[in-house]
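Input: a single structure, listed below in structure tokens.
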Amino acid sequence: MTAAHNAQTGAPRFFAQILFSAASEGDHFVGGREHTAPEVYEQGLVREGRSNEIKPALMSQILQEIAQIVDISAEDVWI
């Protein structure tokens, strides 16, 4: 995420602040049912002033890199 943010925006790497939070069994529900599929949820806050071209490029790069690193399909990464 840090590398993608730096590559897409040109911002210094220390601008990217990353927090990981794991959901324990029984903590994640979809439609009222426990969700157990291997998925990654990434929430990014992009400061005002970033262009409409940068945001999708940043999201796409983060999505592809997460899928590759975690070894799941891109469809299982939510951004």
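Values reported hereafter were calculated over all heavy atoms of this structure, with side chains retained and with hydrogens, waters and symmetry mates removed.
The shortest distance between side-chain heavy atoms of S24 and D27 falls below 4.5 Å. Counting only heavy atoms from C-beta outward, the side chains of W78 and E42 never approach each other to under 4.5 Å. In this structure, the side chains of H35 and F29 stay at 4.5 Å or more apart for every pair of heavy atoms.
Note: E75 CD to E39 CD = 10.5 Å, rounded to the nearest 0.5 Å. Atom CD in Q68 sits 13.5 Å away from atom OG in S73 (nearest 0.5 Å). Between the CG atom of L58 and the CD atom of E53 there is a distance of 13.5 Å, given to the nearest 0.5 Å.
Between Y41 and Q43, the side chains place no donor N or O within less than 3.5 Å of an acceptor N or O (distance only, hydrogens not considered). Side-chain contact of Q61 with E65: a donor-acceptor pair under 3.5 Å is present, judged by distance alone.
Residues passing the side-chain hydrogen bond (donor to acceptor under 3.5 Å, both in side chains) test with T36, sequence neighbours excluded: none.
When all heavy atoms are compared, the tightest approach of A16 to T2 is CB-OG1, 3.8 Å. Across all their heavy atoms, D76 and P38 have their closest contact at CB-O, 3.6 Å. In terms of heavy-atom proximity, R13 sits nearest to A3 at NH1-CA, 3.7 Å.
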> Step by step, would you call S60 with L63 a side chain to side chain contact (heavy atoms under 4.5 Å, CB included)?
Replying inline: CA-CA 5 Å; S60 178; L63 183 144; 5.7 Å; no
>> For I72 and V40: C-alpha separation, side-chain torsions, deciding distance, then whether side chain to side chain contact (heavy atoms under 4.5 Å, CB included) applies.
In response: CA-CA 9 Å; I72 60 176; V40 173; 3.8 Å; yes
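Using modelled atom types, one side-chain atom of T9 and one backbone atom of H5 make a donor-acceptor pair closer than 3.5 Å. N6 places no side-chain N or O within 3.5 Å of a backbone atom of P12 that could act as its donor or acceptor partner. Side chain of E34 to main chain of G26: a donor-acceptor pair is present (N/O by atom type, distance under 3.5 Å, no hydrogens or angles).
Other residues, nucleotides and ligands place no more than 12 heavy atoms under 6.0 Å from the CG atom of D71.
Following chains of ILVMFWY side-chain contacts shorter than 4.5 Å, one can reach I18 starting from M59, so the two form part of one hydrophobic cluster. Under the 4.5 Å side-chain contact rule for hydrophobic residues, F14 and L19 do not share a cluster.
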